[in-house]
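Note sheet for the following structure.
In this text, all values refer to a predicted model and were calculated from it rather than measured experimentally.
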Amino acid sequence: MRKSFDEQLAELNNELIEMGALCEEAIAAAAKTLSDDSDKLVQSVINMEDEIDRREHIIENMCFKLFLKQQPVAGDLRRISAALKMITDMERIGDQALDITEMSDYIRNAAFPEHIDMGEMARAAVKMVTDSVDAFVKRDVEMAEAVIKYDDVMDELFIKVKHAVTDMISADPQTGEYAVDLMMTAKYFERIGDHAVNIAEWVEFSVTGIHKGEMINDMVRRGR
């Protein structure tokens with residue numbers, strides 16, 4: 001019985017790795033659409049977002065079957081519960097990659113201020129997603145914690161864009177519409193980082209039984 005359960009857990013890990021890889025590809029492709037208006041490239045992001053949605057349902061069904069047929073306890077129960085939470089964040093990452101692609105039509109032909117590097121934000125987002133999924137598969141709490149800390153890097157990149165947007169509008173109010181579109185695009189990358197942090201927090205929960213985000217929310221509700 002345990003052998004069968006372990007095999008199903010290994011299959012769950014593989015599915016999560018593949019879904020995570022799709023998220024990474026979608027982020028990278030979405031970033032490319034900011035400078036490349038290839039219809040093929042745009043369609044690839046759309047297709048990947050559809051496939052991410054499909055895999056969410058596959059993994060969800062796998063988790064429910066493990067709950068119902070195997071009746072997992074303790075650590076195994078946390079692991080499967082964490083997987084269910086993680087795929088929700090990965091699905092949203094796919095949505096935001098598509099949002100970036102849709103925004104690309106508005107900012108592609110305009111020159112980015114030289115101190116704004118959307119590619120840098122994209123690379124940071126990919127790193128966070130990759131490391132958070134790897135942390136789950138390896139059950140590596142230190143790696144998960146590193147993802148959470150790395151969110152400071154993403155936040156700093158977003159702040160740079162925000163300041164640049166403010167400077168653009170001050171220097172030339174006619175750039176306002178483009179500046180807002182630029183800001184929204186950066187915000188989507190920043191949100192992807194937030195979802196990677198969520199995944200990392202669920203990794204910690206799956207291993208330790210403690211979810212820091214839930215602890216903070218509980219303290220806020222209690223007024224501490």
Side-chain angles (χ1 to χ4, degrees), residues 18-57 86-133 147 150-200:
E18 292 184 14
M19 188 175 179
L22 275 169
C23 289
E24 296 158 25
E25 292 175 26
I27 297 165
K32 288 181 181 178
T33 65
L34 298 176
S35 58
D36 184 347
D37 64 354
S38 164
D39 290 340
K40 184 177 180 180
L41 182 60
V42 171
Q43 188 60 48
S44 73
V45 178
I46 295 171
N47 292 343
M48 282 186 278
E49 196 272 336
D50 287 341
E51 181 63 14
I52 289 168
D53 287 349
R54 189 181 75 84
R55 286 186 179 274
E56 180 192 21
H57 294 306
M86 288 167 58
I87 59 175
T88 298
D89 281 294
M90 285 196 274
E91 188 274 333
R92 289 174 182 167
I93 287 169
D95 289 345
Q96 268 136 24
L98 186 57
D99 289 335
I100 291 166
T101 300
E102 291 172 349
M103 292 300 299
S104 68
D105 283 340
Y106 302 103
I107 66 176
R108 185 183 298 117
N109 296 323
F112 288 146
E114 61 182 20
H115 51 298
I116 291 180
D117 186 354
M118 284 295 180
E120 190 176 4
M121 292 197 79
R123 289 187 292 273
V126 169
K127 172 181 171 56
M128 293 178 72
V129 173
T130 301
D131 290 352
S132 62
V133 176
V147 172
Y150 197 80
D151 192 45
D152 290 341
V153 174
M154 179 64 86
D155 289 343
E156 284 297 321
L157 292 171
F158 178 69
I159 289 170
K160 282 172 61 178
V161 174
K162 186 165 65 173
H163 289 166
V165 165
T166 302
D167 292 343
M168 286 173 60
I169 296 174
S170 296
D172 183 1
Q174 292 186 351
T175 65
E177 185 174 352
Y178 161 65
V180 170
D181 292 337
L182 188 62
M183 182 79 166
M184 285 298 300
T185 302
K187 187 62 180 176
Y188 289 134
F189 281 119
E190 192 263 344
R191 285 177 180 169
I192 289 172
D194 289 341
H195 288 303
V197 167
N198 289 345
I199 293 170

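- Of all heavy-atom pairs spanning Tyr106 and Tyr178, the tightest one is O-CD1, 4.4 Å.
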N/O donor-acceptor pairs under 3.5 Å from side chains in residues 25-36, not counting sequence neighbours:
| from | atom 1 | to | atom 2 | distance (Å) |
| --- | --- | --- | --- | --- |
| Thr33 | OG1 | Ala30 | O | 2.5 |
| Ser35 | OG | Lys32 | O | 3.3 |
| Asp36 | OD1 | Ser38 | N | 2.9 |

Apply side chain to side chain contact (heavy atoms under 4.5 Å, CB included) to Ile159 and Glu156, showing your working.
-> CA-CA 5 Å; Ile159 289 170; Glu156 284 297 321; 4.2 Å; yes
For the pair Tyr188 and Met184, evaluate side chain to side chain contact (heavy atoms under 4.5 Å, CB included) and give the outcome as yes or no after the intermediate values.
-> CA-CA 6 Å; Tyr188 289 134; Met184 285 298 300; 3.6 Å; yes
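- Note: His163 NE2 to Lys160 NZ = 11.5 Å, rounded to the nearest 0.5 Å.
- Applying the side-chain hydrogen bond (donor to acceptor under 3.5 Å, both in side chains) test to Glu24 and every residue at least two apart in sequence or in another chain returns Thr130.
- In plain terms, the two heavy atoms of Met19 and Ile52 that are nearest each other are CE-O, 3.6 Å.
- The two atoms that bring Ala186 and Val161 nearest to each other are CB-CG1, 3.6 Å, heavy atoms only.
- The distance from atom CG of Asp53 to atom CG of Leu22, rounded to the nearest 0.5 Å, is 10.5 Å.
- For residues 178-190, the pairs satisfying salt bridge (charged side-chain N to carboxylate O under 4.0 Å, His left out) are Lys187-Glu190, with sequence neighbours left out.
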Mind listing the side-chain donor-acceptor pairs of residues 88-100 below 3.5 Å, one per line with the distance, residues two or more places apart or on another chain?
| from | atom 1 | to | atom 2 | distance (Å) |
| --- | --- | --- | --- | --- |
| Thr88 | OG1 | Leu84 | O | 3.4 |
| Asp89 | OD1 | His195 | ND1 | 2.7 |
| Asp89 | OD1 | Asn198 | ND2 | 3.0 |
| Gln96 | OE1 | His195 | NE2 | 3.4 |

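- Closest heavy-atom contact between Ala125 and Ile192: CB-CG2, 3.8 Å.
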May I have the list of side-chain donor-acceptor pairs in residues 40-47 shorter than 3.5 Å, sequence neighbours left out?
| from | atom 1 | to | atom 2 | distance (Å) |
| --- | --- | --- | --- | --- |
| Gln43 | NE2 | Asn47 | OD1 | 2.9 |
| Ser44 | OG | Leu41 | O | 2.5 |
| Asn47 | ND2 | Gln43 | O | 3.4 |

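- Here Met168 contributes atom CE and Thr166 contributes atom OG1; the two are 10.0 Å apart, rounded to the nearest 0.5 Å.
- Arg123 has no carboxylate O lying under 4.0 Å from a charged side-chain N of Glu120, or vice versa, which leaves the two without a salt bridge.
- In terms of heavy atoms, Phe189 sits closest to Met121 at CB-CE, 3.9 Å.
- The neighbour count for Asp39 CG, taken as heavy atoms of other residues, nucleotides or ligands under 6.0 Å away, does not exceed 12.
- Across all non-hydrogen atoms, the minimal contact from Tyr150 to Ala124 is CE2-CB, 4.0 Å.
- With sequence neighbours left out, the salt bridge (Lys or Arg N to Asp or Glu O under 4.0 Å) criterion links Asp131 to Lys127.
- Under the 4.0 Å criterion applied to side-chain N and carboxylate O atoms, Arg55 and Glu51 are assigned as salt-bridge partners.
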